[in-house]
*Asks:* 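Here it is, the structure in full.
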Amino acid sequence: MNPKCGVDPIRPQWIPSARDLSEARVTDFARYVTARSGIELPDYSALWRWSVDDVPAFWESVWQYFDLGPAPGEVLSRPEMPGAQWFPNAQLNYVDQVVRQARTDRPAIVSIEETGPATQLSWDELLGRTAALATTLRSLGVGAGDRVVGYLPNIPEAVIAFLATAAIGAVWSACGQDYSAKAASDRLGQLHPAVLVTADGYRYGGKSHDRRADIAALRAAMPELRATIAISQLGHECPDTLDWQAITSRGGSLETTPVPFDHPLWVLYSSGTTGLPKGIVHGHGGVLLEHLKAMALQTDIGPDDTFFWYTSPSWMMWNYQVAGLLVGATIVCYPGSPAHPTPDALWGKAAKIGATVVGTSPGYVLASMKAGAIPRAEHDLSALRTIGITGAPLPAKSSMWLRDNVGPEIHVVSISGGTDVVSAFIGGVRTVPVWPGELSVPYLGVALDAWDEQGSPVRGEVGELVVTKPMPSMPVSFWDDPDGSRYRSAYFEKYPGVWCHGDWVTVTDRGSTVVHGRSDATLNRNGIRMGSADIYQLVEQLPEIAEALVIGAEQPDGGYWMPLFVVPSAGYEVDSALVERINTTIRSELSPRHVPDQIIVAPGIPHTRTGKKLEVPVKKLLQGADPTRVIDRSAVDYPILLDWYAGLSRRTGTTTPR
């Protein structure tokens, strides 16, 4: 046992073949760089080292390799973080790269539901409907910098709405329909949008979910709307809306608006841990370069692939999957449950459509394991080449289960990144082995390191994940943060001038990385980041509850435990009726994902002396950390409470007391 890494010495579970090494797109890119510069790059390690030693040369090579247009001139005019300035003279549009991939031999999008046959959308149909919607948006007076928002399930129409918005230089933002109207308006309402694109509802878990009442409430919360465009998924009519089918069936020729490199493309959201979710603004150019690199060079996705990542418009992985269009792949839209009607339904869907790259979460892998599924025996997964995993660390046991039960030749690629860069910092590549429980490599152009509290690099032991040089997809800004103070505070407060992401990682001697989970209080269930503040706002308004604390704790088996601790108000007790009321309130006002795994009555909630709830220290205690190393007790208002939380795991011998 390695006492520092906490993992047994292991052998790779997957090793690249000679064909992998010679035919991988990243190998072709390395040859291209060598031909241009004369720099010898014999393996991925050498290529990564060059990519972070000479950041401008690397990203200029990415631009030229993917033939994004004339030489862009200066690459990095200001390298300091935050505020790095990329490609100051470039003009482009994200959608132009999608247009360049148009073809007739394969569909652009495959759409599947829980029941019924898959449907296909051709590239001509995708671009024609995008053009028609872009024309309508322009007719509504929407232009560069205006906001168009979506309250939508994961359907092809969401992709079209995003592309039409981006094509005219407007800014896109979306939220899945599992969010309540209030949760959606807390996010989308910040943008004062001009147009809302929505659907009457969606089907999930064998049930239809009518969202017309939520749409009405959301529209009322966004008075600046000029129009609402409605898609009929369930056959309902949405009053006072424009009809999607009537608009997009007209077709047309798509015209794009060139914009500066850092012109806003979309706004994604933080989890809202400490208040309203922060709007994270990403630019056209940064996303385009980062996603071309991630799709083609890291994941080896190309024109012959069917790319199916189980996701939602609320999650950055939706944006990541749309990037498959940038490299000519067929992408898959699925709004249903991964476990309906059977626990292995997602594997069945992948087999049905011949997916070559499938993405899911450690939680779904664990559920498949517990259900006794053997996907390779029950489904034809012969087309499957790569399994992507994100949302939480993938335990070694789960990784080996994928090898043994899905396929030994399948490349299991666990990735870790964030909404903050709408990409990954670490993951895999087709030319490097996979070790169970580890992420094989840092991504190209990511100057990744693990630092201790003093800002010194550490190896073989846990440190903070930092990025010491800029990436083009780091946020352009936060929404409504004119002086940049919230942006600086989010990433650069701990180590000035260096990005600190909030993950605990161990960098091994072989260059792989072990991810241990969040070092902050963000909730992250099945890859969907959620904020504790949303839950507090609901629970603490109940007269029976004096205060609450919610924690998300990663478990050794790959599971995720999210307990809600409640302190009852004087004269009240937490009985089964109140527990049900709390859960029902959270489910209806936020989403089913926000419902805790367990509600536990606590004697009190510990705070700092200034009144901040100690979410991170309590999480560490529940994961078995030494109480003397978690926090200085003198900084806690009632330090004896720390003993009670630490005692939960000691009394039961587990991190999930029941």
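Note: hydrogens, waters and symmetry copies are ignored here, and every other heavy atom, side chains too, is used.
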*Asks:* Between Trp86 (side chain only) and Gly286 (backbone N and O only), is there a donor and an acceptor less than 3.5 Å apart?
*Replies:*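 Pair absent, no side-chain N/O of Trp86 close to backbone of Gly286.
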*Asks:* Between Arg593 and Tyr179, do the side chains contain a donor N or O and an acceptor N or O under 3.5 Å apart?
*Replies:*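 Result is no, nothing qualifies.
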*Asks:* Which distance, rounded to the nearest 0.5 Å, do you find between the CG of Asp54 and the CD1 of Ile39?
*Replies:*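 Between atom CG of Asp54 and atom CD1 of Ile39 there are 7.0 Å.
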*Asks:* Return yes if a side-chain donor-acceptor contact under 3.5 Å exists between Thr311 and Gln321, otherwise no.
*Replies:*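 No donor-acceptor contact under 3.5 Å links the two side chains.
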*Asks:* For the side chain of Ser440 and the backbone of Ser512, is there at least one donor-acceptor N/O pair under 3.5 Å apart?
*Replies:*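 Here the side-chain-to-backbone pair does not exist.
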*Asks:* Quick check against the 3.5 Å criterion: does Ser51 have a side-chain atom that pairs as donor or acceptor with the backbone of Trp48?
*Replies:*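 Yes: the side chain of Ser51 pairs with the backbone of Trp48.
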*Asks:* Sequence neighbours left out, what passes ring pair (Phe, Tyr, Trp, His ring centres under 6.0 Å) with Phe87? Give chain and number order.
*Replies:*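 If we apply the ring pair (Phe, Tyr, Trp, His ring centres under 6.0 Å) test to Phe87, skipping adjacent residues, the hits are Trp63, Phe261.
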*Asks:* With sequence neighbours left out, write down each residue that passes salt bridge (Lys or Arg N to Asp or Glu O under 4.0 Å) with Asp96, or none if nothing qualifies.
*Replies:*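 Salt bridge (Lys or Arg N to Asp or Glu O under 4.0 Å) list for Asp96, sorted by chain: empty.
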*Asks:* Sorted by first residue and then second, give each ring pair (Phe, Tyr, Trp, His ring centres under 6.0 Å) pair with at least one member in residues 391-413; sequence neighbours left out.
*Replies:*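 Those involving residues 391-413 are Trp14-His411.
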*Asks:* Using the test salt bridge (Lys or Arg N to Asp or Glu O under 4.0 Å), find all partners of Glu157 that sit at least two apart in sequence or belong to another chain.
*Replies:*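 So Glu157 forms no salt bridge (Lys or Arg N to Asp or Glu O under 4.0 Å) with any residue.
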*Asks:* Salt bridge or not for Arg100 and Asp67, using N-O below 4.0 Å?
*Replies:*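 Salt bridge absent between Arg100 and Asp67.
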*Asks:* Looking only at heavy atoms, what is the nearest atom pair of Leu21 and Thr27, with distance?
*Replies:*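 It is O-OG1, 2.7 Å.
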*Asks:* Hey, does Asp420 have a side-chain heavy atom less than 4.5 Å from the side chain of His501?
*Replies:*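 His501 vs Asp420: side chains touch.
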*Asks:* Taking only Lys NZ, Arg NE, NH1 and NH2, and the carboxylate oxygens of Asp or Glu, determine whether Asp449 and Arg459 approach each other closer than 4.0 Å.
*Replies:*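 Yes, charged N to carboxylate O under 4.0 Å.
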*Asks:* Quiz question: by atom type and distance under 3.5 Å, do the side chains of Glu438 and Thr513 form a donor-acceptor pair?
*Replies:*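 Result is no, nothing qualifies.
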*Asks:* Quick one: does any side-chain atom of Ser361 pair with a main-chain N or O of Gly391 as donor and acceptor, under 3.5 Å?
*Replies:*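 The answer is no, because no donor-acceptor pair under 3.5 Å joins these two groups.
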*Asks:* Answer yes if the side chains of His282 and Ser473 hold a donor-acceptor pair under 3.5 Å, and no otherwise.
*Replies:*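 No, because no side-chain N or O of His282 sits under 3.5 Å from a partner of the opposite role on Ser473.
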*Asks:* Mind checking what makes side-chain contact (heavy atoms from CB on, under 4.5 Å) contact with Thr468, not counting sequence neighbours?
*Replies:*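 For Thr468, the residues satisfying side-chain contact (heavy atoms from CB on, under 4.5 Å) (neighbours in sequence not counted) are Ala447, Trp451, Val466, Val498.
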*Asks:* Between Tyr364 (side chain) and Tyr310 (backbone), is there a donor-acceptor pair under 3.5 Å?
*Replies:*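 Not a single qualifying donor-acceptor pair exists.
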*Asks:* Determine yes or no for a side-chain-to-main-chain donor-acceptor pair under 3.5 angstrom, with Asp305 supplying the side chain and Phe307 the backbone.
*Replies:*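 Not at all, since once roles are kept as given, no pair shorter than 3.5 Å links the two residues.
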*Asks:* Just say parallel, tilted or perpendicular for the rings of Phe58 and Trp50, cut-offs at 30° and 60°.
*Replies:*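 Perpendicular, since the angle between the ring planes exceeds 60°.
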*Asks:* Enter the distance from Trp504:CH2 to Glu461:CD here, rounded to the nearest 0.5 Å.
*Replies:*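 Between atom CH2 of Trp504 and atom CD of Glu461 there are 15.0 Å.
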*Asks:* Which heavy atom in Trp59 sits nearest to a heavy atom in Leu444, and how many Å separate them?
*Replies:*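 Between these two residues, the closest heavy atoms are CZ2-O, 4.4 Å.
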*Asks:* Report, as yes or no, whether the 6.0 Å neighbourhood of atom NZ on Lys469 holds more than 12 heavy atoms from other residues, nucleotides or ligands.
*Replies:*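 Enclosed: over 12 neighbouring heavy atoms sit under 6.0 Å from NZ of Lys469.
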*Asks:* Using salt bridge (charged side-chain N to carboxylate O under 4.0 Å, His left out), reason through Asp300 and Arg25 one step at a time and then give a plain yes or no.
*Replies:* CA-CA 6 Å; Asp300 208 52; Arg25 191 76 181 271; over 6 Å; no
*Asks:* Just by distance, do the side chain of Gln555 and the backbone of Ala553 share a donor-acceptor pair under 3.5 Å?
*Replies:*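 Judged by distance alone, yes, a pair lies under 3.5 Å.
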*Asks:* Report the residues that fulfil side-chain hydrogen bond (donor to acceptor under 3.5 Å, both in side chains) with Asn93, sequence neighbours left out, ordered by chain and then residue number.
*Replies:*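 side-chain hydrogen bond (donor to acceptor under 3.5 Å, both in side chains) check on Asn93 returns nothing, list empty.
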*Asks:* Judged by atom type as modelled, is there a donor-acceptor pair below 3.5 Å linking the side chain of Thr299 to the main-chain atoms of Ile301?
*Replies:*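 Judged by distance alone, no pair lies under 3.5 Å.
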*Asks:* Who pairs with Ser416 by side-chain hydrogen bond (donor to acceptor under 3.5 Å, both in side chains), at least two apart in sequence or on another chain?
*Replies:*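 None.
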*Asks:* Check side-chain contact (heavy atoms from CB on, under 4.5 Å) between Ala174 and all other residues, then give those that pass, not counting sequence neighbours.
*Replies:*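 For Ala174 the side-chain contact (heavy atoms from CB on, under 4.5 Å) partners, ignoring immediate neighbours, are Trp172, Pro313.
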*Asks:* Give me the atom names and distance for the closest heavy-atom approach of Gly354 to Ala383.
*Replies:*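 The pair with the smallest heavy-atom distance is O-CB, 3.7 Å.
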*Asks:* Is it true that Tyr320 and His291 have ring centroids separated by less than 6.0 Å?
*Replies:*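 Centroid distance Tyr320-His291: below 6.0 Å, so yes.
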*Asks:* Parallel, tilted or perpendicular: which describes the rings of Tyr204 and Tyr202, with under 30° parallel and over 60° perpendicular?
*Replies:*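 Answer is perpendicular, since the angle exceeds 60°.
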*Asks:* If every non-hydrogen atom of Gly460 is compared with every non-hydrogen atom of Thr506, which pair is closest and at what distance?
*Replies:*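 So the two residues come closest at C-CG2, 3.6 Å.
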*Asks:* Hey, are Ser382 and Asp380 close enough side-chain-wise for a donor-acceptor pair under 3.5 Å?
*Replies:*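 Checked: Asp380/Ser382 side chains pair up, N/O donor to acceptor below 3.5 Å.
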*Asks:* Let me see the working for Tyr269 and Ser173 under side chain to side chain donor-acceptor pair (under 3.5 Å), right down to the final yes or no.
*Replies:* CA-CA 9 Å; Tyr269 298 93; Ser173 192; 2.8 Å; yes
*Asks:* To the nearest 0.5 Å, what is the distance between CG on Leu288 and CG on Leu68?
*Replies:*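 Here the interatomic distance stands at 5.5 Å.
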*Asks:* Using a 3.5 Å distance criterion without hydrogens, assess whether the side chain of Glu114 forms a donor-acceptor pair with backbone atoms of Gly205.
*Replies:*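 Answer holds: yes.
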*Asks:* Within the distance-only criterion (no hydrogens, no angle test), does the side chain of Ser22 pair as donor or acceptor with the backbone N or O of Ala18 below 3.5 angstrom?
*Replies:*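 Yes, Ser22 side chain to Ala18 backbone: donor-acceptor pair under 3.5 Å.
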*Asks:* Nearest 0.5 Å, what's the CG-CG distance between Leu394 and Leu402?
*Replies:*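 It is 6.5 Å, given to the nearest 0.5 Å.
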*Asks:* Taking salt bridge (Lys or Arg N to Asp or Glu O under 4.0 Å) as the definition, give me every residue that meets it alongside Glu23, ordered by chain and number, with sequence neighbours left out.
*Replies:*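 So Glu23 forms a salt bridge (Lys or Arg N to Asp or Glu O under 4.0 Å) with Arg19.
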*Asks:* Can you tell me if Asn154 and Trp318 form a side-chain donor-acceptor pair at under 3.5 Å?
*Replies:*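 Yes - a donor-acceptor pair under 3.5 Å links their side chains.
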*Asks:* Run the numbers on Glu409 and Arg376 for salt bridge (charged side-chain N to carboxylate O under 4.0 Å, His left out), then give the verdict.
*Replies:* CA-CA 12 Å; Glu409 303 303 319; Arg376 69 174 182 173; over 6 Å; no
*Asks:* Got a sec, which pairs hit side chain to side chain donor-acceptor pair (under 3.5 Å) with one end in residues 325-341, sequence neighbours left out?
*Replies:*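 Passing the test, one end in residues 325-341: Arg106-Thr330.
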*Asks:* Find the distance between CE (Met369) and CG (Asn405) and round it off to the nearest 0.5 Å.
*Replies:*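 If I round to the nearest 0.5 Å, the distance is 8.5 Å.
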*Asks:* How far apart are the C-alpha atoms of Trp309 and Thr390, what are their side-chain angles, what is the distance that settles it, and do they pass the side chain to side chain contact (heavy atoms under 4.5 Å, CB included) test?
*Replies:* CA-CA 10 Å; Trp309 203 294; Thr390 196; 3.5 Å; yes
*Asks:* Of all heavy-atom pairs between Cys333 and Ile109, which one has the smallest distance, and what is that distance?
*Replies:*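 Scanning both residues, the minimum pair turns out to be SG-CG2, 3.9 Å.
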*Asks:* List in chain and number order the residues that pass side-chain hydrogen bond (donor to acceptor under 3.5 Å, both in side chains) with Ser368, two or more places apart in sequence or in another chain; answer none if no residue qualifies.
*Replies:*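 Applying side-chain hydrogen bond (donor to acceptor under 3.5 Å, both in side chains) to Ser368 gives Trp347.
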*Asks:* Heavy-atom count around Lys352 NZ within 6.0 Å, excluding the residue itself: above 12?
*Replies:*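 Count over threshold, so yes.
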*Asks:* My understanding is that only residues two or more places apart in sequence, or in another chain, count here; which of them pass side-chain hydrogen bond (donor to acceptor under 3.5 Å, both in side chains) with Asp105?
*Replies:*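 Listed in chain order: Arg103.
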*Asks:* How close do Ser270 and Lys278 get, counting heavy atoms only, and between which atoms?
*Replies:*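 Nearest pair, atom of Ser270 first, then Lys278: OG-N, 2.7 Å.
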*Asks:* One thing to verify: whether Lys349 and Glu113 come together as a salt bridge, which I'm taking to mean a side-chain N less than 4.0 angstrom from a carboxylate O.
*Replies:*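 Between Lys349 and Glu113 there is no salt bridge, as every charged N stays at least 4.0 Å from the carboxylate O atoms.
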*Asks:* State the CG-CD distance between Asn524 and Glu554, to the nearest 0.5 angstrom.
*Replies:*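 Answer rounded to 0.5 Å: 7.0 Å.
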